Amino acid sequence: MNKGCSQDVREESGMMFVRVAEHFLLNVEPFLSEHPHEGWRAMKRPDFIFWSEKDVLVVEAKTTLPRDRACGKKSPELEGLRKAAEKYHHKLIRDDTYFYSSLLAKFSNALLALKTCKQNSLLNDLPDRWKQSIDHLDELKRLHWDGTDRKVVFYLIIKEAPDDALPSLKLECSKRILHVLRAWHSRCELFVLNEKEAERQGLCRIR
């Protein structure tokens with residue numbers, strides 16, 4: 001990925017997300033929230049979609065780590081995450097089932113939104129005041145989505161996740177999410193980053 005970036009687009013819990021160099025931006029939340037179809041407004045969606053001639057980047061940021069309360073005996077990985085979360089004063093969400101199912105819904109809907117954009121119906125119905133959330137609208141309409149040469153990279157950013165927790169989180173995401181996304185589109189990758197690593201890769205700046 002290019003580490004260069006341009007205009008800042010949003011602040012998130014001490015992180016300032018940036019437009020990745022050579023990528024256009026679809027700011028998904030306002031894009032879908034005022035779409036006239038009620039089903040689109042109710043969809044779970046990621047924070048941002050960036051796209052370029054070669055790939056699509058889907059970014060979701062969270063401040064919580066998953067925990068599985070349904071298991072009487074915690075796996076070493078989940079127990080390690082629990083201890084790490086307490087160390088960093090995280091508020092743990094209810095269970096990991098909701099965490100991963102919500103994440104899968106957001107990432108899947110990103111693919112659905114892009115496919116619908118390609119068909120132009122979503123773009124044509126969008127109120128003019130929200131078209132400013134889309135960089136290069138005409139290029140988005142010409143997105144070569146059906147080609148197998150376009151890679152889609154999903155990024156989950158957990159703000160203060162410890163470095164040693166990232167491999168386990170990525171493994172869980174891969175087991176629960178990635179195979180479903182690849183059923184939508186064969187060339188998908190998924191990465192889990194903390195705030196520091198996201199800044200190093202040029203997705204955000206730390207305030």
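Here, residue 1 is the first one in the sequence, and each next residue gets the next number. Since we're looking at a predicted model, the values are computed, not measured.
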| task | Assess whether side-chain contact (heavy atoms from CB on, under 4.5 Å) is satisfied between Cys173 and Leu178, documenting all intermediate values. | result | CA-CA 7 Å; Cys173 284; Leu178 189 57; over 6 Å; no
Distance-minimising heavy-atom pair for [X] and [Y]:
X      : Y      : result
Ala198 : Leu193 : CA-CD1, 3.9 Å
Leu166 : Ala161 : CD2-CB, 4.0 Å
Leu190 : Lys170 : O-CE, 3.3 Å
Asp55  : Arg150 : O-NH1, 3.7 Å
Glu195 : Cys204 : O-SG, 4.0 Å
Arg205 : Glu199 : CA-OE2, 3.8 Å

| query | Under a 4.5 Å side-chain heavy-atom rule over Ile, Leu, Val, Met, Phe, Trp and Tyr, are Leu169 and Val180 clustered together? | reply | yes
| said: I'd like to check Phe154 versus Ile177 (side-chain heavy atoms, cut-off strictly below 4.5 Å). Are they in contact? | reply: no
| Ion pair Asp163/Lys196, N-O distance below 4.0 Å | yes
| task | Take the angle between the ring planes of Phe24 and Trp51 and call it parallel below 30°, perpendicular above 60°, tilted in between. | result | perpendicular
| Hey, what's the ring geometry for Phe50 with His23, parallel, tilted or perpendicular (30° and 60° as the breaks)? | perpendicular
| Hey, is the main chain of Phe99 close enough, under 3.5 Å, to the side chain of Ser102 for a donor-acceptor pair? | no
